[in-house]
Amino acid sequence: MKLFVHKVCSLIASAAFITPAFAQDHAHPALPHSKHKTVVIAHRGNHVNAPENTLASTREAINCGADYVEVDLRTTKDGHLIALHDAKVDRTTNGMGKVADMTWQEVEELQVFNRNKKTHRIPEFKELLALCKGKINIYLDFKDADVAETWKQIKAAGMEHQVVVYLNKEEQYKQWKEVAPEVPLMTSLPKEVTTKEQLSAFLHQMDIQVVDNLTTPELLKAAHELGISVWLDVQSPTEGPASWNEALHKGVQGLQTDKPAELVDYVKSHS
């Protein structure tokens, strides 16, 4: 998910003339407190033990001690915020169709596939907020939702200091900065950013606190010097101590995983 790609060439070319968009006039948003030195993010909840993006997988993430649960956010036709990764319900439920074309009542009646075990359903965002408050932070993968309504529900739940928002579209940046400038933001860097100077230019335009796709030693060092956290995606069918060790030796600050319980144990034993 590469953000702002079509702007980056002109941004880099004019790097020497850039005036910080937010850095000079606004304090940088602070990241939520984490229990571990290396941030552990449960990808779509602990979905090895329960279906992804459900209350059950979120409880599993809480119970295993993860620092964050990743939640994918979308909006129904009648404006309800729900947790679902795909634009359609086909893959994960017994229904068919686009979320944007369905009412909350239609979504609420769906059953989430669970290998013929206990039935689960797609939760509303406010349910997840209530469940997570004071227990786990939310890595909010902002797929397709209304920023003002999302922030309204976050504030109503008292979760203002427990959320990091991952941006997928260019317009989301301006929307979040206008509605909730105090919320820490995260995104993927355009592939054209390959040097410290280019990274600095990008960050002067976009006040981002976390990135997820830096892997070269030069950029990792630059991110550290510029005060930006790097949370890498390590989730894969083969992830484990070898891949975690490789990622951590790069000097990153967090890992998003499909095995949060095992990674929490690993982080504790390798602190």
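A quick note: this is a predicted structure, and the numbers were derived from the prediction, not measured.
Residues Leu129 and Leu84 fall into different hydrophobic clusters, defined by Ile, Leu, Val, Met, Phe, Trp and Tyr side chains chained together at heavy-atom separations under 4.5 Å. If you chain together hydrophobic residues whose side chains sit under 4.5 Å apart, Leu73 and Val112 never meet in one group. If you chain together hydrophobic residues whose side chains sit under 4.5 Å apart, Val40 and Val163 fall into the same group. A single hydrophobic cluster is seen to contain both Leu131 and Leu140, as judged by linkage of ILVMFWY side chains at heavy-atom distances under 4.5 Å, directly or through other members. Placement of Leu81 and Val99 in two distinct hydrophobic clusters is found when ILVMFWY residues are connected by side-chain heavy-atom separations under 4.5 Å, directly or transitively.
Judged purely by atom type and a 3.5 angstrom limit, Lys88 has no side-chain atom pairing as donor or acceptor with the backbone of Met96. In this structure, the side chain of Glu70 engages the main chain of Arg44 through a donor-acceptor pair within 3.5 Å. The backbone N or O of Pro241 lies less than 3.5 Å from no partner atom in the side chain of Asn245, so there is not a single donor-acceptor pair. For Asp67 (side chain) and Ile41 (main-chain N/O), no donor-acceptor pair under 3.5 Å exists by modelled atom type. Remark: side-chain polar atoms of Thr93 are paired, donor with acceptor, to backbone N or O of Val89 under 3.5 angstrom. Although no hydrogens or angles enter the test, the distance criterion places a donor-acceptor pair under 3.5 Å between the side chain of Thr257 and the main chain of Lys259. With Asp146 contributing its side chain and Ala148 its backbone, the two residues share a donor-acceptor pair below 3.5 Å. With hydrogens and angles ignored, the 3.5 Å screen pairs no side-chain donor or acceptor of Ser188 with any backbone N or O of Asp212.
Val69 places none of its side-chain heavy atoms less than 4.5 Å from the side chain of Ile62. Here the side chains of Ser229 and Val210 are in contact, with some heavy-atom distance below 4.5 Å. Put simply, the side chain of Gln235 does not reach to within 4.5 Å of the side chain of His47, judged on heavy atoms. Using a 4.5 Å heavy-atom threshold, the side chains of Leu226 and Ser200 count as touching. The side-chain heavy atoms of Val267 and Leu255, taken from C-beta on, include no pair separated by under 4.5 Å. The shortest distance between side-chain heavy atoms of Leu128 and Leu55 falls below 4.5 Å. By the 4.5 Å heavy-atom criterion applied to side chains, Asn213 and Thr215 are not counted as neighbours. Asn94 has its side chain within reach of Leu110: a pair of non-hydrogen atoms, C-beta onward, lies under 4.5 Å apart.
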side-chain contact (heavy atoms from CB on, under 4.5 Å) for Thr103 and Thr76? Distances and angles first, verdict last. CA-CA 6 Å; Thr103 65; Thr76 63; 5.9 Å; no
Test side-chain contact (heavy atoms from CB on, under 4.5 Å) on Leu199 and Leu189; report intermediate values, then the result. CA-CA 8 Å; Leu199 176 60; Leu189 286 180; 3.4 Å; yes
For Asp207 and Gln205, run side-chain hydrogen bond (donor to acceptor under 3.5 Å, both in side chains): C-alpha distance rounded to whole Å, both residues' side-chain angles, the deciding distance at 0.1 Å, then the answer. CA-CA 7 Å; Asp207 187 20; Gln205 287 293 306; over 6 Å; no
Arg121 vs Thr119, test: side-chain contact (heavy atoms from CB on, under 4.5 Å). Steps then yes/no. CA-CA 7 Å; Arg121 61 181 181 80; Thr119 299; over 6 Å; no
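The minimum heavy-atom distance linking Pro190 with Phe202 is given by the pair CD-CE1, 3.6 Å. The nearest pair of heavy atoms linking Ala247 to Val234 is CB-CG1, 4.1 Å. Taking both residues in full, the closest heavy atoms of Asp258 and Ser236 are given as OD2-N, 4.0 Å, listed atom of the first, atom of the second, then distance. Val230 approaches Ala223 most closely through the heavy-atom pair CG2-CB, 3.9 Å. Considering all non-hydrogen atoms of both residues, Pro181 and Pro29 come closest at O-CG, 3.4 Å. Here the shortest heavy-atom pairing between Ala83 and Ile122 reads O-CG2, 3.5 Å.
The ring-ring contact (aromatic ring centres under 6.0 Å, His included) analysis of residues 50-74, with sequence neighbours excluded, yields the pairs Tyr68-Trp231. Contacts classified as salt bridge (charged side-chain N to carboxylate O under 4.0 Å, His left out) and involving residues 91-102 (residues at least two apart or in different chains) are given here: Glu52-Arg91, Asp86-Arg91.
With sequence neighbours left out, Lys126 forms a side chain to side chain contact (heavy atoms under 4.5 Å, CB included) with Glu124, Gln153. For His120, there are no ring pair (Phe, Tyr, Trp, His ring centres under 6.0 Å) partners two or more places apart in sequence or in a different chain. Shown here are the side-chain hydrogen bond (donor to acceptor under 3.5 Å, both in side chains) partners of Asn137, two or more places apart in sequence or in another chain: there are none. Under the rule for a ring pair (Phe, Tyr, Trp, His ring centres under 6.0 Å), the partners of His270 that lie at least two apart in sequence or sit in another chain are Tyr266.
In this structure, CD1 on Ile154 lies 7.0 Å from CD1 on Ile138, to the nearest 0.5 angstrom. A distance of 10.0 Å separates CD in Gln172 from NZ in Lys143, rounded to the nearest 0.5 Å. Here Leu220 contributes atom CG and Gln253 contributes atom CD; the two are 8.5 Å apart, rounded to the nearest 0.5 Å. For the atom pair CG (Leu219) and NZ (Lys196), the distance works out to 11.0 Å, reported to the nearest 0.5 Å. Note that CG of Asn63 is 9.0 Å distant from NZ of Lys135, once rounded to the nearest 0.5 Å. Remark: Thr54 OG1 to Glu60 CD distance equals 9.0 Å, nearest 0.5 Å.
Applying the 6.0 Å contact sphere to CD of Glu182 captures more than 12 heavy atoms from other residues, nucleotides or ligands. Surrounding NZ of Lys250 are more than 12 heavy atoms belonging to other residues, nucleotides or ligands, all under 6.0 Å away. Around the NE2 atom of His224, the shell of radius 6.0 Å holds no more than 12 heavy atoms that belong to other residues, nucleotides or ligands. Counting non-hydrogen atoms of neighbouring residues, nucleotides and ligands closer than 6.0 angstrom, the NZ atom of Lys133 reaches no more than 12 such neighbours.
Ring orientation note: the planes of Trp176 and Phe142 are nearly perpendicular, at an angle over 60° on the 30°/60° scale.
With Asn53 as the fixed residue, the side chain to side chain donor-acceptor pair (under 3.5 Å) test singles out one of Asp72, Thr58, Asp141: Asp72.
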